[in-house]
*Asks:* 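Next up is a structure, given as structure tokens.
Letters A, B, ... are given to chains in the order of the sequence lines, protein chains preceding strands, and every chain is numbered from 1. For clarity, every value in this text was computed on a predicted model and none was experimentally measured.
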Amino acid sequence: GQNIDQPTEMTATEGAIVQINCTYQTSGFNGLFWYQQHAGEAPTFLSYNVLDGLEEKGRFSSFLSRSKGYSYLLLKELQMKDSASYLCAVINDYKLSFGAGTTVTVRA
Amino acid sequence: DGGITQSPKYLFRKEGQNVTLSCEQNLNHDAMYWYRQDPGQGLRLIYYSQIVNDFQKGDIAEGYSVSREKKESFPLTVTSAQKNPTAFYLCASSISLAGGPGGANVLTFGAGSRLTVL
């Protein structure tokens with residue numbers, strides 16, 4: 001089976017840094033995605049990791065450790081528009097399995 | 001602009017009625033997917049299709065049906081057999097199946113359809 005765990009909620013202040021952790025136990029692994037989803041909207045792609053290490057894209061970075069079954073998404077210089085749900089998803093063969101998502105609230 | 005269009009955005013139906021949700025993409029993607037999203041749970045895969053006239057069950061296919069007669073279209077029917085159909089339904093597409101040959105195939109999602117059964 002697939003088990004993907006993320007914290008349910010996180011709150012941070014505008015301009016701060018927040019790290020969203022994702023741990024996974026899956027029968028196979030072909031890569032890990034992070035998506036952002038604003039309430040009632042479509043998820044949008046943020047990052048993809050298949051090898052261990054850090055991938056940086058502007059204010060967002062994603063890290064992967066395959067041996068630990070662990071990833072994190074780092075959001076820097078938080079802005080109010082970053083208030084959203086962040087979904088961790090693991091590819092196993094053809095299937096993308098999602099965690100329940102972490103709702104991040106950015107306060108002024 | 002290329003993208004995925006889902007309709008209707010909101011839908012109310014009585015128990016026992018079948019409902020069809022539309023999904024159209026103009027991205028020229030081969031693979032299409034239907035996911036269901038419930039509060040506090042991750043997206044769960046209902047059906048997916050790799051090519052026209054072919055589709056496979058996902059993790060929660062019971063009570064749902066799909067067709068893939070055209071590359072651009074992948075409608076989902078929520079039948080009366082689905083025990084708890086009230087949910088947010090998301091359609092997605094990718095160049096080819098996620099994790100297939102060629103590596104990461106990013107899913108592009110539609111804006112979703114919210115179905116409420118009264």
*Asks:* Under 4.5 Å from any heavy atom of chain A, what part of B:Gln56 do you find: side chain, backbone, both or neither?
*Replies:*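 Nothing of B:Gln56, per the 4.5 Å heavy-atom cut-off to chain A.
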*Asks:* Can you get from B:Val19 to B:Tyr35 by hopping between Ile, Leu, Val, Met, Phe, Trp and Tyr side chains that sit under 4.5 Å apart?
*Replies:*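 In one cluster with B:Val19: B:Tyr35, no.
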*Asks:* Heavy atoms under 4.5 Å from chain B: which residues of residues 99-108 of chain A carry them?
*Replies:*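 Those residues of residues 99-108 of chain A which have a heavy atom under 4.5 Å from chain B are A:Gly99, A:Ala100.
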*Asks:* Atom CG of A:Leu96 and atom OH of B:Tyr33: how far apart are they, to the nearest 0.5 Å?
*Replies:*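 These two atoms lie 7.5 Å from each other.
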*Asks:* With only heavy atoms counted, which part of A:Gln6 is less than 4.5 Å from chain B, the side chain, the backbone, both or neither?
*Replies:*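 Neither part.
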*Asks:* Please classify the contact between B:Leu43 and chain A as side chain, backbone, both or neither, with a heavy-atom cut-off of under 4.5 Å.
*Replies:*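 For B:Leu43, heavy atoms of backbone and side chain both lie under 4.5 Å from chain A.
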*Asks:* So do the side chains of A:Phe33 and B:Val106 get within less than 4.5 Å of each other, counting heavy atoms only?
*Replies:*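 Yes, their side chains come closer than 4.5 Å.
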*Asks:* Rounded to the nearest 0.5 Å, how far apart are CD of B:Gln37 and CZ of A:Phe98?
*Replies:*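 CZ of A:Phe98 is found 9.0 Å from CD of B:Gln37.
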*Asks:* Output yes when a side-chain donor or acceptor of A:Tyr35 lies under 3.5 Å from a complementary backbone atom of B:Leu107, and no otherwise.
*Replies:*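 Side chain of A:Tyr35 to backbone of B:Leu107: a pair is present.
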*Asks:* Select, from A:Gly31, A:Gly40, A:Pro43, A:Ser97, the one with the greatest count of heavy-atom pairs under 4.5 Å involving chain B.
*Replies:*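 Highest number of heavy-atom pairs under 4.5 Å: A:Pro43.
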*Asks:* Not counting sequence neighbours, list each pair that qualifies as a side-chain hydrogen bond (donor to acceptor under 3.5 Å, both in side chains) and has a residue in residues 9-19 of chain B.
*Replies:*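 Qualifying pairs: none.
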*Asks:* Roughly how far, to the nearest 0.5 Å, is the CD atom of A:Gln37 from the CG atom of B:Leu90?
*Replies:*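 Between B:Leu90 CG and A:Gln37 CD, I get 6.0 Å after rounding to 0.5 Å.
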*Asks:* Let me confirm one number: the CZ-CG distance from B:Phe109 to A:Leu87, rounded to the nearest 0.5 Å.
*Replies:*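 If we round to the nearest 0.5 Å, B:Phe109:CZ and A:Leu87:CG are 8.0 Å apart.
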